[in-house]
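Notes follow the structure.
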Amino acid sequence: MGAEDRERGSLSGSSRGAEREGGAARSAIRPSRLKRERPPIEQRPLLPSRGEQAASWTKVLLALRPPRKLKFTREGKYYLGITLGVGFAAINTGNNLLYLLLGMLLSLIVVSGVMSDLSLRHLTVTRRLPARAQVGRAHLVEIEVYNHKKRVPSYAIEVEDLRAGQPADKRCFFLKISPSSAQVAAYRRTPAKRGRDRHTGFRIATRFPFGLFEKSREVEAEGDLIIYPAVDPVRLPVEDAGRREGGASLSGRGGGDETFGLRPMREGDDPRDIYWKKSTMRDQLVLRERTRETRPDVRIVVDAVRPAGEGDGFAQAFERRIREAASRAVAHIKRGDAVVVATTLGERVRGDRNIGSDAILRFLALLEAVDEGRLPELGEARAARASARQVSSPGPTSGERRTSTPRTAS
């Protein structure tokens, strides 16, 4: 890949501000804190996915493969051609000056191999994924490289983040990593599809010192990032006046946000409901009783069954339904409604203004369509899981019920 496809780090701290302002996409590099714990030195090499199900002799060949990969650059190919030409001329003519020049050219190749290998040794790469990501919105992924060598720095290190089933299009460049220290860079990525984004490892490469060869090695470092579906702005219908004011939505005791009344605290009550303003005036703790929400939940149903004989157009329609459901759920939660997102397969998830919309967005991000022919199989599996839960969690005994009953004052 060319230099324009790489996102290179900068030693100055002002590059992150330029990136936020829409300037050139550069990664800010900063030294890690001294108190940070050192990661382990060795990282396991990344094996191809076919090695898990391959034959025994194929696994042996994979285990015997060299730990480093070597690739000629364009300059390296020219250099090798010149070296071979000088070698043929020295053999044909027997000129000592040509032999001396050939020795100098070959010594540069040896020095390049030794120094590049020394630069790649004892490096540990870690990844920091964001807490959440969404389709169509850019997010940053931080890459940290720690140099465990005591005296020798590493130069011109290029780290490529590898993802399963996707091309590697993001790289971070580190000009110098001092001994016993770390450098951090970040690259920006905008997801194009929802679901689980599985990171498998890193490809660590360098062209140091002469840029004639690119030496690289792949290490294993797994990580998962859930990509939420895109959310569009939705204009909801206006609520009734009584529901907006709360007159028709609150009635009796329950678990709402409003206060219904005060009473003395008894054994078994939740300490989080203690009303401290009144409890400081008397010896006995006073508990706040909450109102019960009678506002019905907003129910959004997503059809997750793929009919038999459907073409490629079903996938696009299904993604549109997922996006519409996510947009409506987020709009209702922002207004203060409780939302239940369910599928035609019986799966459901709930969200409100207290717990937020992360549970719903994660549920929709991982939702996949199921073929119509698999419905009986899924029904049997669901029934087996339900019966297993009933057997593993029996009801409380009479003694346990008596113990959990709150005591009343005589």
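Given the structure is predicted, the values throughout are model-derived calculations rather than measurements. Position 1 is the first residue of the sequence, and the numbers go up from there. The figures that follow rest on heavy atoms only: side chains count, while hydrogens, waters and symmetry mates do not.
Val135 places a side-chain heavy atom less than 4.5 Å from the side chain of Ile227. Side-chain contact between Thr126 and Glu142: absent, with no pair of heavy atoms (C-beta onward) separated by less than 4.5 Å. A 4.5 Å side-chain heavy-atom check between Glu347 and Leu367 finds at least one atom pair inside the cut-off. Considering only heavy atoms from C-beta on, Val341 comes within 4.5 Å of Val339 through its side chain. Looking at heavy atoms from C-beta onward, Arg163 lies in side-chain contact with Arg189 at the 4.5 angstrom threshold. Side-chain contact between Leu123 and Ser154 is present, with heavy atoms from C-beta onward closer than 4.5 Å. Side-chain contact check for Lys176 versus Pro153: some heavy-atom pair is nearer than 4.5 Å. A heavy-atom distance below 4.5 Å is not found between the side chains of Glu158 and Cys172.
A donor-acceptor pair is defined here as one N or O able to donate and one able to accept, closer than 3.5 Å; no such pair exists between the side chain of Ser119 and the backbone of Met115. In terms of modelled atom types and a separation under 3.5 Å, the side chain of Arg217 and the main chain of Leu120 share a donor-acceptor contact. Between the side chain of Thr344 and the backbone N or O of Ala304 there is at least one donor-acceptor pair closer than 3.5 Å. A donor-acceptor pair under 3.5 Å is formed between the side chain of Lys215 and the backbone N or O of Gly113. Proximity of a side-chain donor or acceptor of Thr206 to a complementary backbone N or O of Ala156 within less than 3.5 Å is detected. When atom types are taken as modelled, the side chain of Thr124 and the backbone of Tyr146 share no donor-acceptor pair closer than 3.5 angstrom. For Gln134 (side chain) and Pro229 (main-chain N/O), a donor-acceptor pair under 3.5 Å exists by modelled atom type. Asn92 contributes a side-chain N or O that, together with a main-chain N or O of Phe88, makes up a donor-acceptor pair within less than 3.5 Å. Judged by distance alone, with hydrogens and angles left aside, the side-chain atoms of Arg203 form no donor-acceptor pair with the main-chain N or O of Leu162 at under 3.5 Å.
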Could you go step by step and tell me if Ser216 and Lys71 meet the side chain to side chain donor-acceptor pair (under 3.5 Å) rule?
-> CA-CA 8 Å; Ser216 63; Lys71 184 176 68 174; over 6 Å; no

Give the C-alpha distance, both sets of side-chain angles, the deciding distance and a yes or no for side-chain contact (heavy atoms from CB on, under 4.5 Å) between Val159 and Phe174.
-> CA-CA 8 Å; Val159 179; Phe174 302 86; 3.8 Å; yes

Test Arg207 against Phe213 for side-chain contact (heavy atoms from CB on, under 4.5 Å), laying out the working first.
-> CA-CA 6 Å; Arg207 296 187 179 185; Phe213 313 99; over 6 Å; no

Test Leu345 against Val305 for side-chain contact (heavy atoms from CB on, under 4.5 Å), laying out the working first.
-> CA-CA 8 Å; Leu345 301 175; Val305 178; 3.7 Å; yes

Dump the intermediate steps for side-chain contact (heavy atoms from CB on, under 4.5 Å) on Glu144 and Gln183, then the final yes or no.
-> CA-CA 6 Å; Glu144 181 184 29; Gln183 294 288 342; over 6 Å; no

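Rounded to the nearest 0.5 angstrom, Ile355 CD1 and Ile360 CD1 are separated by 7.0 Å. To the nearest 0.5 angstrom, Asp161 atom CG is 7.5 Å from Leu129 atom CG. Distance CZ/Arg306 to CZ/Phe318: 10.0 Å, rounded to 0.5 Å. How far OG1 of Thr83 is from OH of Tyr78: 14.5 Å, rounded to the nearest 0.5 Å. A distance of 6.0 Å separates CD1 of Ile177 from CG of Asn147, quoted to the nearest 0.5 Å. Here Glu222 contributes atom CD and Thr200 contributes atom OG1; the two are 8.0 Å apart, rounded to the nearest 0.5 Å.
Of all non-hydrogen atoms in Ser327 and Ala230, the two that sit nearest each other are OG-O, 4.1 Å. Residue Met104 comes nearest to Ser107 through the heavy atom pair O-OG, 2.6 Å, listed as atom of the first residue, atom of the second, then distance. Of all non-hydrogen atoms in Tyr99 and Ile91, the two that sit nearest each other are OH-CA, 3.6 Å. The heavy-atom pair separating Glu214 from Ala205 by the smallest distance is CG-CB, 4.1 Å. What you find for Ile143 and Val125 is that their closest heavy atoms are CG2-CG1, 3.7 Å. Minimum heavy-atom separation, Ala365 to Ile226: CB-CG2, 3.8 Å.
Relative orientation of the Tyr155 and Phe208 rings is parallel, given thresholds of 30° and 60° on the angle between their planes.
With sequence neighbours excluded, the residues satisfying side-chain hydrogen bond (donor to acceptor under 3.5 Å, both in side chains) with Arg121 are Asp117. Residues satisfying the side-chain contact (heavy atoms from CB on, under 4.5 Å) criterion with Leu108, sequence neighbours excluded, are Tyr79, Phe210. Residues passing the salt bridge (Lys or Arg N to Asp or Glu O under 4.0 Å) test with Arg328, sequence neighbours excluded: none. Listed by chain and number, the residues in a salt bridge (Lys or Arg N to Asp or Glu O under 4.0 Å) with Arg350 are Asp297, Asp352 (sequence neighbours excluded). Every residue meeting the side-chain contact (heavy atoms from CB on, under 4.5 Å) condition with Pro130, not counting sequence neighbours, appears here in chain and number order: His139, Val141, Leu225.
Between the side chains of Asp224 and His199, no donor-acceptor pair of N or O atoms lies under 3.5 Å.
Residue pairs meeting the ring-ring contact (aromatic ring centres under 6.0 Å, His included) criterion with at least one member in residues 321-368, sequence neighbours excluded, do not occur.
Look at Lys170 and Glu160 and you find no salt bridge, because none of the NZ, NE, NH1 or NH2 atoms lies under 4.0 Å from a carboxylate O. A salt bridge is absent between Arg321 and Asp303: the closest approach of a Lys/Arg side-chain nitrogen to an acidic carboxylate oxygen does not fall below 4.0 angstrom. Ion pairing between Arg194 and Glu319 holds under the 4.0 Å rule for side-chain N and carboxylate O.
For CZ of Phe314, the number of neighbouring non-hydrogen atoms (other residues, nucleotides, ligands) closer than 6.0 Å is greater than 12.
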